[in-house]
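A note on names: the letters A, B, ... follow the listed sequences, proteins ahead of strands, and every chain is numbered from 1. In this text the structure is predicted, and so the values were computed from the model without any measurement.
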2 protein chains.
Amino acid sequence: MAAVTIKDVAAEAGVSIATVSNAFSGRKFVSPEVVRRVEEAARTLGYQKNIAASQLRTGRVKVVGVLVPSLADTFFAALVSDLEKLAEADGYQVLVATSGDDAAREAAQLGALLGWKPSGLIAVPCTNAIPDTLRREMVALPVVLVDRIGEEDLPVDTVVVDNHAAGREAAQHVLEKGHREILIAASVAGLRPIAERIRGITDACLAAGVAPRIVELGTDVEEGAARLGAFLAREGHPTAVIATTNVTTLATLTAFAQAGIDMPADVSLVGFDDYAWMTARRVPLSAVRQPISDIAQSAWSCLMTRIGGSADAAVRIVLDAPLQRRNSVGVSRRVLDTA
Amino acid sequence: MAAVTIKDVAAEAGVSIATVSNAFSGRKFVSPEVVRRVEEAARTLGYQKNIAASQLRTGRVKVVGVLVPSLADTFFAALVSDLEKLAEADGYQVLVATSGDDAAREAAQLGALLGWKPSGLIAVPCTNAIPDTLRREMVALPVVLVDRIGEEDLPVDTVVVDNHAAGREAAQHVLEKGHREILIAASVAGLRPIAERIRGITDACLAAGVAPRIVELGTDVEEGAARLGAFLAREGHPTAVIATTNVTTLATLTAFAQAGIDMPADVSLVGFDDYAWMTARRVPLSAVRQPISDIAQSAWSCLMTRIGGSADAAVRIVLDAPLQRRNSVGVSRRVLDTA
DNA sequence: GCGGCAAAGATAAACGTTTTACTTAAGGGT
DNA sequence: ACCCTTAAGTAAAACGTTTATCTTTGCCGC
């Protein structure tokens, strides 16, 4: 049961291996009759091109690496899902790796990815700092960085969301409803996108003469809920919470449920990201909607133009994350009472 | 900027390429001094082993293909996430492909996966029928089939959930609470796991002299919600709904929210799968919990023993999916009224 | 002092494909 | 009748590893 190679096909079809290769690739003209014989032979033998051999010879292969912090996070899973579809449409395979938000693992995974000599790489770095492995590779390999971009002026294409505007819009919405005691449920405040969301919220609040508080909940739902519960018990309730990721949204909701807090009657909430479960509730969540499929689309087309050989200056795509106004933000009691 | 190969490293370190290879693999003794020089050289040159070349020579490569219907479905995303972690721990890379529940795409993706000559394959078939491409490969390649298994007695290892028991348990819970008008929110009734869940529910109901109704909602949340809404408007409300997938759970909840149905006061619900968002609610969902990480773990260890060369008879692993009793199933009004 | 042996490396072949350069045969213009 | 071109296909080299086989060197016993 040795694997069937191009040689076997050639023998079966009674031609040379070069002709078989040409018949498949179409790089050189092969008479229709011979093509038919080759295809026939390949079919009967169950021939599968050995991609490793092909890639070794040509040096290129239609595979792109995708590196994300975690597939357990819906945001990244959805992103990878979209990228995978786009890749398939263009005949590319996707090699997935996850860093688990750990810089060492990220570097290791990157190395493994690079060993495949992919045509390109789409990565969501797990920290603000671009790992050295990647930085070295960026000059030769088409790379697109997404979401977690620590620095400006990177030499590669980047796709990000306008986090500052998103934060600002969320805050303004809450302020308009009369809230003055605002809590920011951040995941990890040190991460650039989170920091910008926080800054957006803070800027809007400050402009209204309000100083928001911040609590860091991490990247795990259970733990985040526990931390928020502890915070609430210790510091008292705000009238509105703005979550900065889908995980913190979930953690906040969990904490609310555990503490018997009614939303929006007791506390209002603006969530982050927009998934089906957020609307499948008695009180659908107002949330900042990250345009996941646009992000994927932008990243993919950037990558494709780079792979196509473009040497243009690095582009920085900034997408809007509009607020979806639903029912989880109520008019603050302060306003109601004065009315 | 030609890629740096083993040859360059050999030159830099002043040894032959065979020695470099041996220094890395440790297959033959190489003096510590030389190993040091080789590693040094590799580091300064930024050497990355070319996996294609390696695989071409050895015929094996540490990569396994994973084929699932969709990464947008949390269940599969979580499964892939777990598999990816297990793979990483064993030094394997994962090649992901999605079939989008389309048989033709599945066959195509399978072909693409196989071209990499992976060491193994973990697949969730998108239909009850195993595609021919796969069936042919199963004799030579270690394959583990998960979740969607149409036939018994396959010649490969399979990992499934005891869907019949899961359905039965869900139904019994609802029956115990006094419900008699039960609606099954199925995704696609033709799929084997779904069919078994339905059968489990039906068997339990029939034993209690109750005939459940069934509605098919498909695999998309929006559309499922619309279909359920229409069904409810047309046929009237049951007192309890049992959903058979996480997507139908979401669709049901969406329909409830849209129709202003209160859960559990108006209608009770047993969900399927168990995610954070199900408990992050005022009324946490009772749900059948599929043991995703156990599934992944079982599938992975099956695959590893096969890759290790085991030729034992195919094993069929059946895992329990226990019911998590929470608050979304209320005592039926019928019972309350008589009390 | 010499055969023999072990230790540490080197040489070269092989993996399956792509592709360049070559062969062969047939046709075409003058 | 001759040369030149074109068409269709073939032979062989190359890609970067791994590994079986060969070489060199030093060392041992006698």
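- Here dC15(C) presents its P atom at 22 Å from CH2 of Trp116(B), a figure rounded to the nearest Å.
- At the phosphate of dG9(C), neither OP1 nor OP2 sits under 4.0 Å from any side-chain N or O atom of Ser16(B).
- One atom, CD1 of Ile6(A), and another, C1' of dT19(C), lie 12 Å apart when rounded to the nearest Å.
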Step by step, work out the side-chain contact (heavy atoms from CB on, under 4.5 Å) result for Thr98(A) and Leu67(A). CA-CA 6 Å; Thr98(A) 58; Leu67(A) 179 67; 5.9 Å; no
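- When all heavy atoms are compared, the tightest approach of Ile51(B) to Ala112(A) is CD1-O, 3.9 Å.
- Between the C1' atom of dT17(C) and the CD atom of Gln55(B) lies a distance of 12 Å, rounded to the nearest Å.
- Considering only side-chain atoms of Val34(B), the nucleotide from dG9(C), dT18(C), dA20(D) that sits closest is dG9(C).
- Summary of the strand contacts: Arg27(B) and Ala52(B) both lie near DNA chain D, and taking for each the nucleotide with the nearest heavy atom, the more 5' one is attributed to Ala52(B).
- Using a 4.0 Å heavy-atom distance criterion, Thr19(A) is classed as a base contact.
- Distance Leu56(A) CG to dC15(C) P: 14 Å, rounded to the nearest Å.
- Here Ser21(B) lies in heavy-atom contact (under 4.0 Å) with a base.
- Between the side chain of Lys49(A) and the base of dG16(C) there is no donor-acceptor pair of N/O atoms closer than 3.5 Å.
- The residue Tyr47(B) sits close only to the backbone: its heavy atoms come under 4.0 Å of sugar-phosphate atoms, none of a base.
- Taking a cutoff of 4.0 Å between a charged side-chain nitrogen and a carboxylate oxygen, Lys85(A) and Glu88(A) do not qualify as a salt bridge.
- Checking dG16(C), dA10(C), dT10(D) against every side-chain atom of Ala18(A), the shortest atom distance belongs to dT10(D).
- The local environment of NZ in Lys117(B) is crowded, with over 12 non-hydrogen atoms from other residues, nucleotides or ligands closer than 6.0 Å.
- Side chain Arg57(A) to base dT17(C): no donor-acceptor pair is found below 3.5 Å.
- Arg316(B) has no carboxylate O lying under 4.0 Å from a charged side-chain N of Asp157(B), or vice versa, which leaves the two without a salt bridge.
- If you measure from atom NZ of Lys28(A) to atom P of dC22(C), you get 13 Å, rounded to the nearest angstrom.
- The distance from atom CD1 of Ile17(B) to atom C1' of dA12(C) is 9 Å, rounded to the nearest whole Å.
- When distances are taken from the side chain of Ser31(B) to each of dG16(D), dG16(C), dG9(C), the shortest belongs to dG9(C).
- In this structure, Asn22(B) atom CG and dT21(D) atom C1' are separated by 13 Å, rounded to whole Å.
- Counting any heavy atom pair closer than 4.0 Å across all strands shown, Ile51(B) reaches no nucleic acid atom.
- The distance from atom CZ of Phe29(A) to atom P of dA8(D) is 5 Å, rounded to the nearest whole Å.
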